[in-house]
Amino acid sequence: MPTTKRPRTRIKDLLALEQLPVPNDPLVVMGWVKTVRSSGAVAFVQINDGSAFADLQIVVDANCPDYALVQRLTTGCSVRVTGILQESLGRGQRYEILADAVALLGDADPEEYPLQKKRHTLEFLRELAHLRPRTNTFGAMARVRNAMAFGIHQFFQQRGFLYVQTPIITASDAEGAGAMFRVTTLNINDPPTRNGGIDDGQDFFGRPAFLTVSGQLEAEIFAQSMADVYTFGPTFRAENSNTSRHLAEFWMVEPEVAFCDLDGLADLAEDFLRHIFAHALQSCPDDMAFFNRFYDKELIATLESIVAADFERMTYTEAIAALQSSGERFEFPVEWGLDLQSEHERYLTERKVGKPVIVTDYPSSIKAFYMRLNEDTPAHRQTVRAMDVLVPRIGEIIGGSQREERLNILQSRMAEAGLDQAPYWWYLDLRRYGTAPHAGFGLGFERTVQFATGMQNIRDVIAFPRTPRNAEF
RNA sequence: UCCCCCGUAGCUCAGCGGUAGAGCGGGCGGCUGUUAACCGCUAGGUCGUAGGUUCGAAUCCUACCGGGGGAGCCA
């Protein structure tokens, strides 16, 4: 087998060339075969290396010593190709490679290889999480997801935010944000007992430990010293949720900002979403065009309008009034004090205003203890400085609040919620020593990728989805 | 967790009480600077699993398993 010292050229870089290179020396490209069209005179092999949405067409004529080999290539094989870049004689692509040599790196038995050169259902591909990145959809998804993750860091870094890594294993519970996964080294078949129960003192940490449901409380610690911080990492919910919008393991972005109130936080959330959508559109135009064509014809227009326009803002009280006067018939009741249901959120963002909506100042009774209590509200209509960012089709994409920085009010709110203050001693200390106004939000990364790609099911925007009874890969 | 729908060839589906079908994909052959090429031939199935009803079950009933959609919870 011939070898070469020449480095591999990425398909993306070849296709981006303004003109043919001078001198036009032989290049080496490597990738996986998408499709082969062969004949008695000439064969065409389309390969993809993941660097770009587009495939590269390899032309192999009878002069090529590997012509016979190419006749046997099938979808899924990996190959190394040496050849000259030329303007394509056919339509459908600008450049192609005229092959001098083709080497088979890895075979893929066509009788067994499950991916065909045609569309598969997303449900089928979920069973093939190890091969689906080779498809157009999941290659595009991987690149857009990567671009959005980069855009998130870029947004915060440009604004001087500090990226902090909060723990994945935690002993605290962020106010029952959801059922938690227990982490233990105890022998679950024969755990040590004490006083009739499991002796947690003998567990690894000397106490019960869990996978985190949120990095918020730890991010607040850093906001109370570094002022502008964000986290971006995995979080875990052991809820038995079987929907197209929930995962047991998902990634969350959580900025936490000192000396910031809810209005400032809403501004930040709006700028943030606009930045990452603009970044996805700008850095992955081919992938976004693909999603627009095959998954949501309105996708690019919707994202561009979000990038261009201000979000609508209304208070919870205004939202309730709007719902009550809408003339719509809702399945769930609309009444001040009740939480907004999915159907209500979707009405507001899809029908009422037709763009993202930020709803603020929810009743304190339906929100978490750490959200800042509004002054000047009647006792029976107490509200907190909370906000939800609602977007069409997904519903809630961001939830956040200004935090309660006043120690006495925070303590009374915890008491109302029936929370034991002892485990939160450090959280309360932040209010005892140099407390400062601050605010933060959480953004579900997969839901944001869902929104940006038009993918209907959250299991198709993460490489290895974790859902109830599903952790194969 | 609740409600509804669906499990038939490698994939996508039809068949809905009476001898298991199509398209695509695969194999073989042909043809062509082709574009998820095209043309011909061909192989391929314990009809999700286990019970039940029936002379007879892919088809009707029950349970379980798996998948999907919606709801709740939320991000």
Side-chain angles (χ1 to χ4, degrees), chain A residues 33-46 54-62 72 74-76 86-93 96 98 108-128 135-136 174-179 213-216 234-254 269 294 330-332 339-343 345-346 366-368 388-391 394-400 441-451 456-462 467-470 472:
Chain A
V33 173
K34 275 279 184 68
T35 176
V36 182
R37 298 177 289 271
S38 65
S39 75
V42 62
F44 303 90
V45 184
Q46 256 177 255
D55 300 327
L56 179 66
Q57 175 160 282
I58 311 296
V59 183
V60 188
D61 62 26
R72 299 204 316 273
T74 53
T75 303
Q86 64 180 21
E87 305 267 358
S88 181
L89 303 177
R91 293 178 184 175
Q93 58 281 316
E96 61 193 17
L98 181 62
D109 184 346
E111 301 228 35
E112 293 177 10
Y113 187 65
L115 295 181
Q116 302 172 6
K117 50 185 180 183
K118 68 162 195 170
R119 252 181 123 169
H120 288 294
T121 60
L122 297 170
E123 292 81 6
F124 175 65
L125 291 174
R126 273 174 221 148
E127 299 168 5
L128 304 170
T135 64
N136 287 338
E175 191 262 328
V213 294
S214 165
Q216 179 196 319
T235 51
F236 307 87
R237 304 282 166 88
E239 296 287 351
N240 188 11
S241 291
N242 295 287
T243 84
S244 56
R245 307 186 314 283
H246 288 84
L247 292 165
E249 176 182 296
F250 65 99
W251 285 62
M252 191 149 64
V253 181
E254 294 178 290
F294 286 103
F330 296 111
E331 186 185 346
F332 291 89
D339 208 351
L340 299 179
Q341 303 294 317
S342 292
E343 57 174 348
E345 295 179 341
R346 294 189 64 164
I366 57 172
K367 288 294 182 181
D388 283 352
V389 180
L390 312 178
V391 296
I394 306 289
E396 182 182 342
I397 198 171
I398 282 178
F441 66 74
L443 167 113
F445 183 51
E446 283 74 17
R447 285 190 183 173
T448 311
V449 177
Q450 253 189 293
F451 184 73
Q456 299 284 316
N457 196 307
I458 201 165
R459 289 159 208 179
D460 300 324
V461 296
I462 186 169
T467 54
R469 297 177 302 281
N470 185 357
E472 177 72 18

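In what follows, chains are A, B, ... by sequence order, proteins preceding strands, each numbered from 1. No hydrogens, no waters, no symmetry mates; every other heavy atom, side chains included, goes into these values. Here the structure is a predicted model, which is why all the values come from computation and not from measurement.
- A:His246 contributes a side-chain N or O that forms a donor-acceptor pair with the base of B:C74 under 3.5 Å.
- Side-chain atoms of A:Gln456 and A:Ser244 form no donor-acceptor pair, as typed in the model, at a separation below 3.5 Å.
- When both pairing distances are held under 3.5 Å, B:G66 makes a Watson-Crick or G-U pair with B:C6.
- Stacking between A:Phe250 and the base of B:A75 is present: ring centres sit under 5.5 Å apart and the planes differ by under 30 degrees.
- Rounding to whole angstrom units, CD1 of residue A:Ile366 and P of B:C73 are separated by 10 Å.
- Separating the CD atom of A:Glu127 from the P atom of B:G10 is a distance of 13 Å, rounded to the nearest angstrom.
- Not a single donor-acceptor pair under 3.5 Å links the side chain of A:Gln86 to the backbone N or O of A:Glu96.
- Applying the salt bridge (Lys or Arg N to Asp or Glu O under 4.0 Å) test to A:Arg245 and every residue at least two apart in sequence or in another chain returns nothing.
- No hydrogens or angles were tested; on distance alone, nothing pairs the side chain of A:Ser241 with the base of B:C74 as donor and acceptor under 3.5 Å.
- Counting any heavy atom pair closer than 4.0 Å across all strands shown, A:Arg119 reaches a base atom.
- B:G15 and B:C6 have their C1' atoms separated by 16 Å, given to the nearest Å.
- Residues A:Thr243 and A:Arg459 share a closest heavy-atom pair of O-NH2, 3.5 Å.
- Expressed to the nearest 0.5 Å, how far CG of A:Asn242 lies from CZ of A:Arg469 amounts to 5.5 Å.
- Base pairing of B:A58: no nucleotide in any strand meets the Watson-Crick or G-U wobble criterion (both distances under 3.5 Å).
- Taking atom C1' in both B:A22 and B:C60, one finds a spacing of 26 Å when rounded to whole Å.
- Among the protein residues, A:Glu249 comes within range of no part of the nucleic acid, since none of its heavy atoms lies under 4.0 Å from any strand.
- In this structure, B:C16 forms no base pair with any nucleotide, since neither Watson-Crick nor G-U wobble geometry is met with both distances under 3.5 Å.
- For the OP1/OP2 pair of B:A37 and a distance below 4.0 Å, the side-chain nitrogens and oxygens of A:Thr35 include at least one atom meeting the criterion.
- Close to B:G69, at under 4.0 Å from its OP1 or OP2, lies a side-chain N or O of A:Asn457.
- Each of A:Tyr113 and A:Arg91 lies near RNA chain B, and the nucleotide nearest A:Tyr113 is the one positioned closer to the 5' end.
- Between the side chain of A:Glu254 and the backbone N or O of A:Gly442 there is no donor-acceptor pair closer than 3.5 Å.
- Under the 3.5 Å distance criterion, the side-chain polar atoms of A:Gln93 are matched with a main-chain donor or acceptor of A:Arg91.
- For the P atom pair drawn from B:U54 and B:A9, the interatomic distance equals 30 Å after rounding to whole Å.
- The separation of B:U59 from B:A71, taken at their P atoms, amounts to 33 Å, rounded to a whole angstrom.
- Distance, A:Asn470 CG to B:G67 P: 7 Å, rounded to whole Å.
- Taking 3.5 Å as the limit, the base of B:U35 and the side chain of A:Gln93 contain a donor-acceptor pair of atoms between them.
- Listed nucleotides B:C73, B:C74, B:G33 differ in distance to A:Glu239; the shortest reach to its side chain belongs to B:C73.
- One can place CD of A:Glu123 at 14 Å from C1' of B:C13, the figure rounded to the nearest angstrom.
- Looking at A:Glu343, its side chain does come within 3.5 Å of a backbone N or O of A:Glu331 through a donor-acceptor pair.
- Here A:Ile397 lies in heavy-atom contact (under 4.0 Å) with sugar-phosphate atoms only.
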note = Quick tally for nucleotides 40-45 of chain B: nucleotides whose base has a protein heavy atom under 4.0 Å get B, sugar-phosphate-only ones S, the rest -, giving ------
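- For the pair A:Arg37 and B:A37, the criterion of a side-chain N or O lying under 4.0 Å from OP1 or OP2 is met.
- Comparing B:G67 with B:C24, their P atoms are spaced 31 Å from each other, to the whole Å.
- The CG-P distance, from A:Asn242 to B:C73, rounds to 15 Å in whole Å.
- Comparing the C1' positions of B:G29 and B:G33 gives a spacing of 22 Å, expressed to the nearest Å.
- In terms of modelled atom types and a separation under 3.5 Å, the side chain of A:Thr235 and the main chain of A:Phe250 share a donor-acceptor contact.
- To the nearest angstrom, P of B:G33 lies 15 Å from CD of A:Gln86.
- Distance check: A:Gln116 CD to A:Thr74 OG1 gives 12.0 Å after rounding to the nearest 0.5 Å.
- For the pair A:Arg447 (side chain) and A:Ile394 (backbone), a donor-acceptor distance under 3.5 Å is absent.
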remark   = Reading nucleotides 23-28 of chain B from 5' to 3' and marking B where a protein heavy atom lies under 4.0 Å of the base, S where only the sugar-phosphate is that close, and - otherwise, the string is BBSSS-
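- For the pair A:Leu340/A:Glu396, no side-chain contact is recorded, criterion being any heavy-atom separation below 4.5 Å from C-beta on.
- Pair assignment for B:C74 gives none, since no Watson-Crick or G-U wobble pairing has each distance under 3.5 Å.
- Residues A:Asp460 and A:Arg126 form a side-chain contact, since some pair of their non-hydrogen atoms from C-beta on lies under 4.5 Å apart.
- Listed by residue number, the members of residues 443-451 of chain A with any heavy atom below 4.0 angstrom from RNA chain B are A:Gly444, A:Arg447.
- Taking every side-chain heavy atom of A:Ile458 into account, B:A75 is the closest of B:U34, B:A75, B:G72.
- A 3.5 Å limit on both hydrogen-bonding distances identifies no Watson-Crick or G-U partner for B:U53.
- When both distances must be under 3.5 Å, the Watson-Crick or G-U wobble mate of B:U46 does not exist.
- Each of A:Gln57 and A:Gln456 has a nearest nucleotide on RNA chain B; the 5'-most of these lies closest to A:Gln57.
- Taking atom CG of residue A:Leu122 and atom P of nucleotide B:G67, one finds them 15 Å apart after rounding to whole Å.
- As rounded to the nearest Å, B:A57 and B:G52 have C1' atoms that lie 11 Å from one another.
- Residues forming a ring pair (Phe, Tyr, Trp, His ring centres under 6.0 Å) with A:Phe124 (at least two apart in sequence, or on another chain): A:His120.
- The shortest distance between the side-chain N/O atoms of A:Arg126 and the OP1/OP2 oxygens of B:G68 is below 4.0 Å.
- Residue A:Ser244 places at least one side-chain N or O under 4.0 Å from the OP1 or OP2 atom of B:G70.
- Taking atom C1' on both nucleotides, B:G45 is separated from B:G21 by 11 Å, rounded to a whole Å.
- Following rounding to the nearest Å, A:Ile58 (CD1) and B:G33 (P) show an atom-to-atom distance of 19 Å.
- Legend: residues meeting ring pair (Phe, Tyr, Trp, His ring centres under 6.0 Å) with A:Phe330, ordered by chain and number and at least two apart, are A:His344, A:Tyr347.
- The two residues A:Arg237 and A:Val213 have their closest heavy-atom pair at NH2-O, 2.7 Å.
- Here the nucleotide nearest the side chain of A:Thr121, chosen from B:U12, B:C74, B:U34, is B:U12.
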